[in-house]
Amino acid sequence: MESSIRRPPGSSRRHVENATWSDSVGSEKALASLRRASEFLDQQLFPHEQAEEARLYPALASPLGSPDATATMSRMHAEIDRLGHRAATHLALAESHGQIGDDQVEDLLATLYGLNAVLRPHFTQEEENYFALADRSAGR
């Protein structure tokens, strides 16, 4: 299976959980952590999700018996995209002020924890179900 479809390099937990800090919110360290999480999303995770939607899921339609069989994973992609763009909006706002504002903290943390909560089962489901099935379908 193509490497662009496999889980993106690096752990989602490392990039996203590291940004789910609760102290030092106004610090440069917190802002740098949010930048790294955003870079991970833009450079690795979003391309990975797009590759799955374009190549993996259509390839699994026949072995799974229906193109709708991957609908729940596509819905998870939509939620990952929504939360990722929400985090990017927080980053842009924080960078315009030079720090993460006190008025951002609650929603930003909810966004990052939500993203982490969606990514964990999503990656597990991909590894345990879809990638294994795709490898079998490809004769590996």
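Rounded to the nearest 0.5 angstrom, L60 CG and R55 CZ are separated by 13.0 Å. Rounding to the nearest 0.5 Å gives a distance of 10.5 Å between CE of M76 and CD of E52. We find the CD-CG distance between E49 and L41 to be 9.5 Å, quoted to the nearest 0.5 Å. Between atom CG of residue L83 and atom CG of residue L119 there is a gap of 8.5 Å, rounded to the nearest 0.5 Å. Summarising the geometry, atom CZ belonging to F123 is positioned 5.0 Å from atom CG belonging to L45; distances are rounded to the nearest 0.5 Å.
No donor-acceptor distance shorter than 3.5 angstrom exists from the side chain of S33 to the backbone of K29, with no hydrogens or angles considered. Distance alone, capped at 3.5 Å, places no donor-acceptor pair between the Q125 side chain and the M73 backbone.
A search for side-chain hydrogen bond (donor to acceptor under 3.5 Å, both in side chains) contacts involving D42 returns nothing, not counting sequence neighbours. Applying the side chain to side chain contact (heavy atoms under 4.5 Å, CB included) rule to S62 yields no partners; only residues at least two apart in sequence or on another chain are considered. Applying the side chain to side chain contact (heavy atoms under 4.5 Å, CB included) rule to E95 yields the partners L31, R35, L91; only residues at least two apart in sequence or on another chain are considered.
At least one side-chain heavy atom of V105 sits less than 4.5 Å from a side-chain heavy atom of L109. Two residues are said to be in side-chain contact when any heavy atoms from C-beta on lie closer than 4.5 Å; L34 and L108 meet this criterion.
Among all heavy-atom pairs drawn from T70 and P67, the shortest one is OG1-O, 3.6 Å. Here the shortest heavy-atom pairing between P58 and E53 reads CD-O, 3.3 Å.
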Assess the residue pair L112 and N116 against the criterion (side chain to side chain contact (heavy atoms under 4.5 Å, CB included)); give the C-alpha distance rounded to whole Å, side-chain angles, the decisive distance to 0.1 Å, and a yes or no. CA-CA 6 Å; L112 294 171; N116 189 49; over 6 Å; no
Please lay out, stage by stage, how L115 and R86 fare under the test side chain to side chain contact (heavy atoms under 4.5 Å, CB included). CA-CA 10 Å; L115 187 57; R86 194 161 135 191; over 6 Å; no
Working for salt bridge (charged side-chain N to carboxylate O under 4.0 Å, His left out), residues R82 and E79: CA-CA 5 Å; R82 184 186 73 80; E79 185 64 8; 2.6 Å; yes
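Ring geometry, F46 versus H85: the interplanar angle falls under 30°, so the pair is classed parallel (tilted spans 30 to 60°).
In summary, the side chains of D81 and H77 do not present any donor paired with an acceptor at a separation below 3.5 Å, with no hydrogens or angles considered.
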